[in-house]
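Just so it is clear, the structure is predicted and the values come from calculations on it, not from any experiment.
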Amino acid sequence: MRLVLRLFLLLLALPPVLTLLYTVAPPVSTLMLARVVQGLWVDRTYVPLEEISPHLVRSVIASEDARFCLHGGIDWEALDRQIDALGEGEDVRGASTITMQVAKNLFLWNGRSYVRKGLELPLALMLDAMLSKRRILEIYLNIAEWGEGVFGAEAAAQAWFGRPAADLTREQAARLATALPNPIARNPARPKPGHARLARINRGRAAAIDPHLECLPGFPGSN
């Protein structure tokens, strides 16, 4: 019984301890670790936010979490809408913030699960309390999956466009951002018509996102 209790306390302590470590150290996602354990290839080069194109920053926020600077890790308004939709028997999609996705990628597993989604919520609140918005975004852009074994903006930019993440164009950034919901099936270098349409929509939204980036001091266009 004592052993079980100790293991439980260790599991509870692990996320905040790792989060403290990740304030300075490059983090590794659970998916990356799983691939390493299986002997599969992993391509990831960690780069600071300053070495990632502002176009990609804008495109990702516009695509994944336009209210990133306004919430404390959880977009409660979006979550309430999704709960209402679930109660009406509709398919529940969205409401997952960038911070929640970081929580999932760092500490949990892929796949749809109400248990996993429930665990994401306190972990996202913890991340928002312990890390700056800038650091959360930097971590996300360095652990997001952009293809089989391709993790992070730098590896994605090199793999799909043969250039550093700092040099991505608006079009390339939009294609990468709109590939995130389905990174294995969507090819940013050669997008299918549906993917290309989403990228065009994203370019328009990204162009108007600067007033909502006040939580990223020093970012072009922020206050």
Side-chain angles (χ1 to χ4, degrees), residues 9-34 42 44-79 94-110 116-146 151-156 165-166 173 176-177 180 183 206 209-223:
L9 293 175
L10 178 62
L11 288 174
L12 285 180
L14 192 58
V17 169
L18 286 176
T19 300
L20 283 175
L21 177 63
Y22 293 154
T23 59
V24 293
V28 178
S29 72
T30 53
L31 184 55
M32 293 165 65
L33 287 173
V42 171
R44 197 282 290 268
T45 300
Y46 194 97
V47 293
L49 195 63
E50 293 79 9
E51 295 180 23
I52 298 175
S53 168
H55 298 314
L56 185 61
V57 173
R58 293 185 180 98
S59 290
V60 167
I61 292 177
S63 178
E64 296 293 294
D65 188 2
R67 288 170 49 83
F68 177 67
C69 285
L70 300 178
H71 59 67
I74 300 171
D75 187 344
W76 294 107
E77 292 181 12
L79 188 61
S96 184
T97 66
I98 285 175
T99 312
M100 290 169 67
Q101 293 181 62
V102 170
K104 179 197 72 176
N105 290 339
L106 290 182
F107 306 119
L108 303 172
W109 61 92
N110 281 336
R116 194 212 71 197
K117 185 62 69 174
L119 292 173
E120 275 183 27
L121 300 180
L123 289 171
L125 293 173
M126 178 200 71
L127 288 172
D128 192 81
M130 297 180 67
L131 301 175
S132 69
K133 290 284 190 178
R134 189 180 186 89
R135 182 61 174 169
I136 291 170
L137 183 62
E138 181 179 296
I139 289 174
Y140 179 71
L141 290 171
N142 276 282
I143 62 175
E145 184 183 21
W146 261 298
F151 295 91
E154 182 67 21
L176 283 172
L180 282 170
I209 200 70
D210 277 6
H212 304 286
L213 303 182
E214 65 275 4
C215 65
L216 302 175
F219 182 79
S222 65
N223 295 322

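Side-chain contact check for Gln101 versus Asp65: every heavy-atom pair is 4.5 Å or farther apart. Counting heavy atoms from C-beta outward, Phe107 and Leu127 have side chains that approach closer than 4.5 Å. Using a 4.5 Å cut-off on side-chain heavy atoms (C-beta onward), Glu120 and Ser96 make contact. Counting only heavy atoms from C-beta outward, the side chains of Ile74 and Leu125 approach each other to under 4.5 Å. The side-chain heavy atoms of Leu131 and Val102, taken from C-beta on, include no pair separated by under 4.5 Å. Side-chain contact between Tyr140 and Leu106 is absent, with no heavy-atom pair separated by less than 4.5 Å. Side-chain contact between Leu216 and Ile61 is present, with at least one heavy-atom pair separated by less than 4.5 Å. For the pair Met32 and Glu145, the minimum side-chain heavy-atom distance is 4.5 Å or more.
Side chain of Arg44 to main chain of Val28: no donor-acceptor pair is present (N/O by atom type, distance under 3.5 Å, no hydrogens or angles). Under the 3.5 Å distance criterion, the side-chain polar atoms of Ser59 are matched with a main-chain donor or acceptor of His55. Trp109 contributes no side-chain N or O that, together with a main-chain N or O of Arg116, makes up a donor-acceptor pair within less than 3.5 Å. Although no hydrogens or angles enter the test, the distance criterion places no donor-acceptor pair under 3.5 Å between the side chain of Thr99 and the main chain of Ala124. Between the side chain of Thr30 and the backbone N or O of Leu108 there is at least one donor-acceptor pair closer than 3.5 Å.
When all heavy atoms are compared, the tightest approach of Leu123 to Ala103 is CB-CB, 3.7 Å. Closest approach of Phe68 and Lys133 over heavy atoms only: O-NZ, 2.7 Å. Between Tyr22 and Arg135, the shortest heavy-atom contact is O-NH2, 2.6 Å. Nearest heavy-atom pair across Thr45 and Glu154 is O-CB, 3.5 Å. A pairwise comparison of heavy atoms in Ala153 and Trp146 identifies N-CZ3, 3.5 Å as the closest pair. The shortest non-hydrogen separation linking Pro27 to Ile143 is O-CG2, 4.0 Å.
Interatomic distance, CG of Asn142 versus OG of Ser29, reported as 11.0 Å (0.5 Å rounding). For the atom pair CD1 of Ile52 and CG of Leu137, the computed distance is 7.5 Å after rounding to the nearest 0.5 Å. Taking CD1 of Ile209 as the start and CZ of Arg58 as the end, the distance is 10.0 Å to the nearest 0.5 Å. Thr23 OG1 to Ile139 CD1: the interatomic distance, rounded to the nearest 0.5 Å, is 8.5 Å.
Judged as a side chain to side chain contact (heavy atoms under 4.5 Å, CB included), and not counting sequence neighbours, the contacts of Leu70 are Arg67, Glu214.
Of the charged side-chain nitrogens involved, none lies within less than 4.0 Å of a carboxylate oxygen, so that Arg134 and Glu138 do not count as a salt-bridged pair.
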